[in-house]
Amino acid sequence: MTITRRGLLAGSVGALALGATSACGGVSGSGNDADKGDKGDTGSLSTQGFGKPDDVGQARIDAFKSAYPNVQLAINEGDFDPQQFLSAVASGNAPSLVYLNRDLVGSYAAQGAIQPLDDHLATAGIKTGDYREAAIKEVTIDGKVYGVPEFYNTRNILVNGAALQEVGLTLADVSTTDWNKLHTVATKLYKASGGGIARIGFDPKLPEFLPLWAKANGADLVNPDGAPNLDDPKIIEALTYALSLINEQGGWSKFKAFRDTWDLFGAGNQFVKNQAGAFPWEGWYVNVLVQSSPKVDLQSVPFTDKQGTPISFENGSAWCLPKGAKNPAAAINWMKVMTSTDTWLKAGAARQATVEKNNSIFTGLFTANPSADEQIKAKHVKPGQTGFHKAIENYYASTGYAFAIPGSKAGSEIKAAWQDAVNRALSGQQKPDAAMKQAQADASKAFSAAK
Amino acid sequence: MAVTTANVATRKVLPGGARPTRNWREIRAAYGFISLWIVGFLVFTLGPMIASLVLSFTDYNAIDSPEGVGVANYRELVADPKVAKALGNTLIYAVLYVPTAMVVALILAMVLNRVGRASGFFRTVFYLPVMTPTVAVGALFLLLLNGQEGLLNRTLRLVGITGPNWTTDTNWVKPGLVITMLWSLGGTVVIYLAALRQVPKDLYEAAEMDGANAWTKFRKVTVPMISGALFFTLIVQTIAALQMFDQAYTMFFGAQQNSTYSNEAALFYVIYLFQQAFRFLHMGYASALAWLLFLIILIITAVQVRVSRRFVYYEGEKD
């Protein structure tokens, strides 16, 4: 019987451990009244979610330290951890700043975990018009701005020139304008070997790039008011099409297993090993490739809609002010300094120094500050005729037309709903039609329930 | 005087005529030693359990104060298809994992039991994987179980078998996870080994004199004599299987911010509970989910205890 009691105890402890953490009480008040009127040039400033800073991050931290030498910085170097963040907010120990993906901002805003910034931004003289419109849309919920956007990741199609040459195709053949032709191109680039896959011809990058395929087919996953639009027939059609590309290249199970073997960040990456034909990807990957395998024949083209118009999908990070944040004035100063044009120029110079040290090429800094991007590009990005240079140029161009999924008070739930739906369709558990309809039902319920 | 005699007569008398006396010093010392545990239990287990029960009847997001909603959370979980899905996944996994783990651990323990001097070394070797962080185990087995280049399928190919896509094929995700979890079986192996060492040798000798072969000795002597340990691990492994989280989350759901790929075949109950609590901030609903799991574990354990009465032999117990 002792054993049984132990078992039950272990069960109850384990089963309730997660739910029990919610035993912490609620938090009253927003911000620290004592800090009102403070210039934010003293005291301590803590962050969560910033990660381990690289040369670009460190240069901006140094810029802040130089501008506010009397502010004591405590940078938590881990990535954003919702459990850690919520526990901190709920227990009244919120950090001064939290750094998270912009697509999470809506849900945290709706739950009251982060504060609207409009008044703070006005006081600090931060103009939202100085940031890219798409990024600001992502952090605007019910007309209020909840975050200051930082990086700006767009998508283009990266192409393996060696694979193209091998099968007798040209870069012009790799286009998402004509979906029938793309089938042929994908099949031609695809290579099987001994029951497995030797090369993926065209990877549509599901589930994460569904918004891009939907847009190419003329639909958005989220309406401008933040409501989900997941069962739009055009979205279902786009998913069905993208899924068919995968099914023609071995099917999801083999496709994913093979893709998991790619050494994305290493010298033996999928370009070097000729394991990939073409796929859409974020701009930062060019910087990875230029360091790990600068000799590969990298080519690129914009993702286009069915009319041939270039489209791109952007996302990135934002700085937000948690509920109960201490020293909000210093936090706003941090947001201002970290995203100002001057600071980005310093970061650009730091990256240039790294580039020179590594005898590499500057692949661009893509931020939500268009003025900074323009000046950094003019100063550090060298024109050239190589595939890498063309890819950098394409990514800069895409910052001008990229779209974002609008911020929504049920942003997390909507994202989870469509990603789960795509995963169900990919694994064959549901047809795209049924999967997206279920996703719409789930997301609508969450959107209605959001405060 | 008569009353006193009567009182004395009703007191328990120990063999040899000695009467038990309360040693308050010893009792105080005993409570002193367990007081830390009691405080820990009250603060970190019972308190949160009660709070969780209360919160399960509220709408709570960890930021604002909870608002009472009656049994709405429980009603919702009955209607939530993902609860049924997650429960189904969890039960199937438990049915696959628990017997497999017990059989494999018993085989390993029996092999270890035959190893002479090197037994201590091998015990350590078998137990070491238990010390590996579970997240690392998950990440490692994503590589080992990869359908195309994983070590397992490469090995199978050597003997002419085309292995399945353990990590991407919906039908093979759970068996893949069972294999992953077998990596950390050292604790069970050590328990079985200890139990095997307690089986009296004369029972085997007696069985041999009666003409029993190895299989008969195993069935008629070994299994009954270690049935207590088998029962203990059955309960512990069942509870652990019903609470499957770390490895499955690492392998199929990843970091909350960056994860896009997931597989609903690996959506276990505690993963769903975690998502509700920390991804969507539905703490009240997550608390209700926790209590449902508690009840399920309670029922399953009670059934196991009931059934075990017929099969488990405790040495020293009266027949």
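The sequence lines fix the lettering, A, B, ..., with proteins before strands; numbering per chain opens at 1.
Below 4.5 Å, heavy atoms of chain B meet heavy atoms from A/Trp252, A/Ser253, A/Lys254, A/Lys256, A/Ala257, A/Phe258, A/Asp260, A/Thr261, all part of residues 252-262 of chain A.
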Requested in this report: Test B/Arg279 against A/Gln83 for side chain to side chain contact (heavy atoms under 4.5 Å, CB included), laying out the working first.
Outcome: CA-CA 8 Å; B/Arg279 191 171 185 187; A/Gln83 191 175 351; over 6 Å; no
Query - Worked check of side chain to side chain contact (heavy atoms under 4.5 Å, CB included) between B/Phe280 and A/Ser107 - result: CA-CA 8 Å; B/Phe280 306 130; A/Ser107 291; over 6 Å; no
Query raised in the report: Where do A/Asp442 and B/Lys82 land on the salt bridge (charged side-chain N to carboxylate O under 4.0 Å, His left out) test, with the steps shown first?
Result: CA-CA 11 Å; A/Asp442 293 345; B/Lys82 278 202 166 179; 5.4 Å; no
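Only the side chain of A/Gln429 comes within less than 4.5 Å of a heavy atom of chain B; its backbone N, CA, C and O stay farther away. For chain B, the nearby parts of A/Ile197 are the backbone and the side chain; heavy atoms of each come within less than 4.5 Å. For A/Ala416, the parts lying near chain B are the backbone and the side chain together; criterion is any non-hydrogen pair under 4.5 Å. Contact annotation for B/Asn146: only side-chain heavy atoms (C-beta onward) come within less than 4.5 Å of a heavy atom of chain A. Only the side chain of A/Lys445 comes within less than 4.5 Å of a heavy atom of chain B; its backbone N, CA, C and O stay farther away.
Across every non-hydrogen atom of B/Phe278 and A/Tyr108, the tightest pair is O-OH, 4.2 Å. B/Ile63 and A/Ala113 get closest at one heavy-atom pair: CD1-CB, 3.9 Å.
Counting heavy-atom pairs under 4.5 Å between each of B/Glu149, B/Gln276, B/Glu264 and chain A puts B/Glu264 at the top. Note: B/Thr170 leads B/Thr170, B/Leu145, B/Leu292 in heavy-atom pairs under 4.5 Å with chain A.
We find that A/Lys323 and B/Asp64 are joined by a salt bridge, their nearest charged nitrogen and carboxylate oxygen being less than 4.0 Å apart.
Around NZ of B/Lys85, the count of heavy atoms belonging to other residues, nucleotides or ligands within 6.0 Å exceeds 12.
Distance check, rounded to the nearest 0.5 Å: CZ of B/Phe252 to CG of A/Asn423 gives 11.5 Å.
For the pair A/Gln111 (side chain) and B/Leu281 (backbone), a donor-acceptor distance under 3.5 Å is absent.
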